[in-house]
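Working notes, structure below.
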Amino acid sequence: MSMATSDSEFNPDLLLAHKLPETRSTYNERDVAIYALGVGACGQDAVDSVELKFVYHENGQEHVQVLPTFVSLFSLGSLTDGLDLPGFKYDPSLLLHGQQYIEVYRPLPSKASLINKVSLAGLQDKGKAAILEIETRSYEQGSDELLCMNRTTVFLRGAGGFSNSSQPFSYKNYPSNQGLAVKIPQTQPSAALLYRLSGDYNPLHSDPNVAKRAGFPRPILHGLCTLGFAIKAIIKCICNGDPSAVKTISGRFLATVFPGETLITEMWLQGLRVIYQTKVKERNKAVLSGYVDIRGLSSSL
């Protein structure tokens, strides 16, 4: 059943003029450590010399360090609660994550209170479905300096058909070059249950009945969890374990991952851009691809 119905007729001008409400995020070092564990940090070696700093004050460091994909959590609230867009409605339970693009502008604090400014980055009517893109710019409370930016693309089943069928609505307001065209450990069967504690409580990843209604044999792993595994591998293998070397992250979700499957991330360095692809070993299927722009490499590489 289409969810693209509303009391008001779809009006592109009203949609594009609509201001989305700001959201707020607060996190501390415990949240940062739980997230890192959720994407496999120290999963095979509890004293891993590269990854221990993401979960513990190693060697007297004052704060745990933050993996750059942690900032993807700041974009969750708007989409999973259902955005109030004039003339356009969707069922958040039918949402599938399609792509994530991240820019990190300065080192991430180990704890912070943030204000997230949310805007519509794109919307396409695909007939039976819609593609929705939301941009989230995050600032520390009381600061005008931008900390990071997320652009989240989701595929919304049953939400199409909201515009003129002869000229389906299509809107995008960002540069096209920001889109997409080492082995890491096997995920645990409980991986999605652990990752959801970082704030993504979509029952598609935990409730077998919801997963079956959505067309999956069992709960699937969060796409952002897979992204976290991949970027953590790049930081370890390419960036000498330094998360602050990561400048931008782009990831496109190609297929589902089931908790317990083994993820293998392949990566290629082209100048200061890392091209990567993540596969599920058991099915030899690519599930994620993208690139990471880095600020620089040490002379030891």
Nearest 0.5 angstrom please: Ile34 CD1 to Leu197 CG, how far? 6.5 Å
Would you say Tyr291 and Tyr101 make side-chain contact, with heavy atoms under 4.5 Å? yes
First locate atom CG of Asp242, then atom CZ of Arg295, and finally report the distance between them rounded to the nearest 0.5 Å. 9.5 Å
Quick one, Phe216 with Leu204, criterion side-chain contact (heavy atoms from CB on, under 4.5 Å). Give me CA distance, side-chain angles, the key distance, then yes/no. CA-CA 9 Å; Phe216 299 104; Leu204 177 64; 3.8 Å; yes
Distance in Å, Thr152 OG1 paired with Ile102 CD1, rounded so as to fall on 0.5 Å steps: 8.0 Å
Leu193-Tyr201 co-clustered via ILVMFWY side chain contacts under 4.5 Å: no
Does the His18 side chain pair with the main chain of Asp84, one donor and one acceptor, at a distance under 3.5 Å? yes
Gap between atom CG of Leu254 and atom OG of Ser289 - 0.5 Å precision: 4.5 Å
Would you please name every residue forming a side-chain contact (heavy atoms from CB on, under 4.5 Å) with Tyr105, sequence neighbours left out? Glu103, Arg137, Leu146, Met149
Starting from the C-alpha separation in whole Å, work towards a yes-or-no answer on side-chain contact (heavy atoms from CB on, under 4.5 Å) for Ile234 and Val246. CA-CA 9 Å; Ile234 291 170; Val246 174; 5.9 Å; no
Between the side chain of Tyr90 and the main-chain N/O of Leu83, is any donor-acceptor distance below 3.5 Å? yes
Residues Leu132, Leu85; criterion side-chain contact (heavy atoms from CB on, under 4.5 Å); working and verdict: CA-CA 11 Å; Leu132 175 64; Leu85 294 170; 4.1 Å; yes
In one Ile/Leu/Val/Met/Phe/Trp/Tyr side-chain cluster, 4.5 Å: Ile115, Phe74: no
For the atom pair OG (Ser170) and CD (Gln124), what is the distance rounded to the nearest 0.5 Å? 4.0 Å
Side chains of Pro109 and Leu147 in contact at under 4.5 Å (non-hydrogen atoms): yes
Heavy-atom closest pair (Leu114 atom, Ser138 atom, distance to 0.1 Å) is CD1-CB, 4.4 Å
Taking all atoms of both residues into account, what is the closest heavy-atom pair of Leu52 and Ala46, and its distance? CD1-O, 3.5 Å
Going by heavy atoms in the side chains, are Thr265 and Phe229 under 4.5 Å from each other? no
Grouping I, L, V, M, F, W and Y whenever their side-chain heavy atoms are under 4.5 Å apart, do Leu94 and Ile131 come out in a common cluster? no
Flag side-chain contact, heavy atom, 4.5 Å: Thr153 against Phe253: no
Closest contact, heavy atoms only, Met267 versus Val274: CB-CG1, 3.8 Å
Can you say whether the rings of Tyr171 and Phe169 are parallel (under 30°), tilted (30 to 60°) or perpendicular (over 60°)? parallel
Kindly compute the distance separating CG (Leu73) from OG (Ser198), expressed to the nearest 0.5 Å. 5.5 Å
What pair of heavy atoms forms the shortest contact from Pro189 to Pro259, and how long is it? O-CB, 3.3 Å
Provide the closest heavy-atom pair for Tyr195 versus Ser72 in the form atom of the first, atom of the second, distance. OH-OG, 4.3 Å
Flag the pair Leu227 / Gln100 as yes when at least one side-chain heavy-atom distance between them is below 4.5 Å, and no otherwise. yes
Quick check on the hydrophobic clustering: are Phe258 and Leu96 connected, directly or via other members, by side-chain heavy-atom contacts under 4.5 Å? yes
Quick check: do Ser206 and Pro219 have side-chain heavy atoms less than 4.5 Å from each other? no
Exam field: side chain Glu51 to backbone Cys42, donor-acceptor pair closer than 3.5 Å: yes
Between Gln61 and Tyr56, is there a donor-acceptor pair closer than 3.5 Å when you use the side chain of the first and the backbone of the second? yes
So do Pro208 and Arg218 actually touch side chain to side chain, heavy atoms under 4.5 Å? no
Over all atoms of both residues, closest heavy-atom pair of Ala159 and Phe88: O-CE1, 3.5 Å
Using atom types as modelled and distance alone, determine if a side-chain donor or acceptor of Arg157 lies under 3.5 Å from a backbone N or O of Ala214. yes
Spell out, as yes or no, whether a donor-acceptor pair under 3.5 Å connects the side chain of Lys247 to the backbone of Leu272. no
Angle class for the His222/His205 ring planes (parallel below 30°, perpendicular above 60°, tilted otherwise)? parallel
Checking Arg151 side chain against Ile134 main chain: does a donor-acceptor pair fall under 3.5 Å? no
Once side-chain hydrogen bond (donor to acceptor under 3.5 Å, both in side chains) is applied, what residue pairs with a partner in residues 25-43 remain, sequence neighbours excluded? Ser25-Asn116, Glu29-His57, Glu29-His63, Glu29-Ser110, Tyr35-Thr69
Asn150 side chain vs Val71 backbone, donor-acceptor pair below 3.5 Å: yes
Quick one: does Arg213's side chain get under 4.5 Å of Val210's, heavy atoms only? yes
Give the intermediate values and the outcome of salt bridge (Lys or Arg N to Asp or Glu O under 4.0 Å) for residues Glu133 and Lys172. CA-CA 8 Å; Glu133 299 174 272; Lys172 184 168 73 171; over 6 Å; no
The side-chain contact (heavy atoms from CB on, under 4.5 Å) partners of Val257 (sequence neighbours excluded) come to Leu221, Thr226, Glu261, Leu263, Val280, Val287
Check for me, please, whether Tyr276 and Val50 land in the same ILVMFWY cluster - side-chain distances under 4.5 Å, paths through other members count. no
